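Within every chain, numbering begins at 1; the chains are lettered A, B, ... in the order of the sequence lines, protein sequences first and strands thereafter. Quantities reported herein were computed from a predicted structural model and do not represent experimental measurements.
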There are 2 protein chains.
Amino acid sequence: MAEGRPGQGFGGESLLFLTDEQLRQGIEAMFFAYRGFTADPDRILAEMAYGRAHHRAIHFINRAPGTTVNNLLSILGVTKQSLNRVLRALISDGLVESRVGVTDKRERHLFLTDKGRALETSLSDAQRARMRAAYKDAGPEAVQGFKRVLEAMMDSDMRRAYAKLRETGA
Amino acid sequence: MAEGRPGQGFGGESLLFLTDEQLRQGIEAMFFAYRGFTADPDRILAEMAYGRAHHRAIHFINRAPGTTVNNLLSILGVTKQSLNRVLRALISDGLVESRVGVTDKRERHLFLTDKGRALETSLSDAQRARMRAAYKDAGPEAVQGFKRVLEAMMDSDMRRAYAKLRETGA
DNA sequence: TTGGAATGTCAACAAGGCTGACTTAAAATG
DNA sequence: CATTTTAAGTCAGCCTTGTTGACATTCCAA
């Protein structure tokens, strides 16, 4: 708010958006926005005995059905012991199904059950609604910029892990 | 990646950025980018006995020197018991100074010491460097859009709390 | 057949959230 | 002036989610 339009490519003014003050504002915006981003799912999860860790597992299993545990580990960036606790809960509650691999029987392929898909939908609906509102508020041009900055902010291994996840078929 | 330029204001194509797929991509980008966003400070903090909670306290005390504990609470959105544990550590380690209020002696005003400022600088440098790189990568137009979407994603109470923090003088 | 990879499990621990109860001091209010 | 409210701090206990380390099982591959 009240930022005096960074220049569009003439002289030193084009670097105005790189001042410490601008960067600090970006950092704080990121902090507050992430809280808003997780607020809605957090409320739903709190009603059941779940947390964000469960949400993340459900999200990515839904995104890439049949993904292996190892795959999920590298996506989520946690230890297998940590993920295992979460998966065990989801499996025993009947939200996730773990199938022994066909070509490699050591691997377990993960799928959402109908019940799991129902929760995923409810979490995702809430999160998408906020995202949609923010996108609508900001406009298509802003959304382009938003994604471009976010992608530039990721580590390269994150992008690789994500790409790997998408390859994993059933 | 490989997104076919959403239309710039003609017909229904201008709403292409609101499809579920686009929204899901935004959600995932947010997740991965936030990890990148915190990765550098996390590494520095891990060397000392600190975590993200300490970083957040240090950040906002630096941002609004003299802010009160209550103020900080509403900004950070945690309980006083949780914040107190963190503040106690920072004060006893000589990074933060707590001064009794002048007009209201119940209040404690918080300041960074030289040592605290040194850590803040090191954390902030790391985070700003990544932010700067991302901004540079994406360009000024994208940065505008980035901030616009993030701000639209915040809860209104977050913006209020943030504004309140800025008012708090020494 | 043996080594190593993938998975799962047990135990222990820490950070950082939370609630509830309680104290102290000071301000505000009747 | 007496009472209530507010700001801050503290103690105890609990939960989630992360961590290490050790170890068993299964099974592919050299």
Side-chain angles (χ1 to χ4, degrees), chain A residues 31 34-35 38-39 41-59 61 66-93 96-110 164 168, chain B residues 31 34-35 38-39 41-59 61 66-93 96-110 164 168:
Chain A
F31 169 67
Y34 197 78
R35 274 232 309 253
T38 57
D42 281 356
R43 263 189 293 274
I44 296 170
L45 291 159
E47 286 166 24
M48 346 183 76
Y50 296 137
R52 268 182 216 177
H54 302 86
H55 184 191
R56 290 194 287 264
I58 287 173
H59 174 96
I61 292 170
T67 190
T68 64
V69 173
N70 240 2
N71 241 322
L72 206 49
L73 280 178
S74 60
I75 285 277
L76 297 175
V78 297
T79 58
K80 68 177 173 176
Q81 292 90 334
S82 197
L83 175 59
N84 191 255
R85 180 171 33 200
V86 166
L87 282 181
R88 221 184 314 161
L90 293 174
I91 290 169
S92 82
D93 291 355
V96 167
E97 196 194 340
S98 166
R99 293 187 208 151
V100 172
V102 186
T103 59
D104 187 337
K105 289 177 192 166
R106 289 169 303 179
E107 294 180 339
R108 303 298 138 89
H109 296 271
L110 303 169
K164 197 169 145 204
T168 317
Chain B
F31 168 68
Y34 197 78
R35 274 234 308 255
T38 56
D42 281 356
R43 263 189 292 275
I44 296 171
L45 290 158
E47 286 167 23
M48 348 184 73
Y50 296 137
R52 268 183 217 177
H54 302 86
H55 184 190
R56 290 194 286 263
I58 287 173
H59 174 95
I61 293 171
T67 191
T68 64
V69 173
N70 241 359
N71 241 319
L72 206 49
L73 279 178
S74 59
I75 286 278
L76 297 176
V78 297
T79 59
K80 67 175 174 178
Q81 293 91 330
S82 198
L83 175 58
N84 192 256
R85 182 169 32 197
V86 166
L87 280 182
R88 222 184 313 166
L90 292 175
I91 290 169
S92 83
D93 291 354
V96 167
E97 197 194 340
S98 165
R99 292 186 209 150
V100 172
V102 186
T103 60
D104 188 335
K105 290 176 191 165
R106 287 171 306 178
E107 295 180 337
R108 302 299 138 88
H109 296 271
L110 303 169
K164 196 171 146 204
T168 317

Polar side-chain atom of B:R52 near backbone of B:P41 as donor-acceptor pair, under 3.5 Å: no

Flag, side chain of A:R99 to backbone of A:G66, donor-acceptor distance under 3.5 Å: no

Taking atom [atom2] of [N] as reference, at what distance in whole Å does atom [atom1] of [X] sit?
| X | N | atom1 | atom2 | result |
| --- | --- | --- | --- | --- |
| B:N71 | D:dT6 | CG | P | 16 Å |
| B:Y50 | C:dA15 | OH | C1' | 14 Å |
| B:L45 | D:dG18 | CG | P | 17 Å |
| A:L83 | C:dC10 | CG | P | 16 Å |
| B:R35 | D:dG18 | CZ | C1' | 13 Å |
| A:R52 | D:dG18 | CZ | P | 10 Å |
| B:K105 | C:dT24 | NZ | C1' | 15 Å |
| B:N70 | D:dT6 | CG | P | 11 Å |

Residue met sooner reading DNA chain D from 5', once A:A53 and B:N84 are mapped to nucleotides: B:N84

Residue closer to the 5' end of DNA chain D, A:T103 versus B:D104 (nearest nucleotide): B:D104

side-chain N/O [X] vs [N] OP1/OP2, d < 4.0 Å:
| X | N | result |
| --- | --- | --- |
| B:H54 | C:dA15 | no |
| A:T79 | D:dG18 | no |
| B:R108 | C:dA26 | no |

Geometric class of the B:H55/B:H59 ring pair [parallel <30°, tilted 30-60°, perpendicular >60°]: perpendicular

With sequence neighbours excluded, residues passing salt bridge (Lys or Arg N to Asp or Glu O under 4.0 Å) with A:D93: none

Side chain B:Q81 and base C:dG16 donor-acceptor under 3.5 Å: no

Base of D:dT26 paired with side chain of A:R106 (donor-acceptor, under 3.5 Å): no

Sugar-phosphate, base or nothing in reach of B:G77, heavy atoms under 4.0 Å: sugar-phosphate

Residue B:R88, side-chain atoms from C-beta onward, closest of D:dG9, D:dC11, C:dT9: D:dC11

Earlier contact from the 5' end, DNA chain C, for B:R85 and B:K80: B:R85

Close side-chain approach of A:H109 to A:T68, heavy-atom, < 4.5 Å: yes

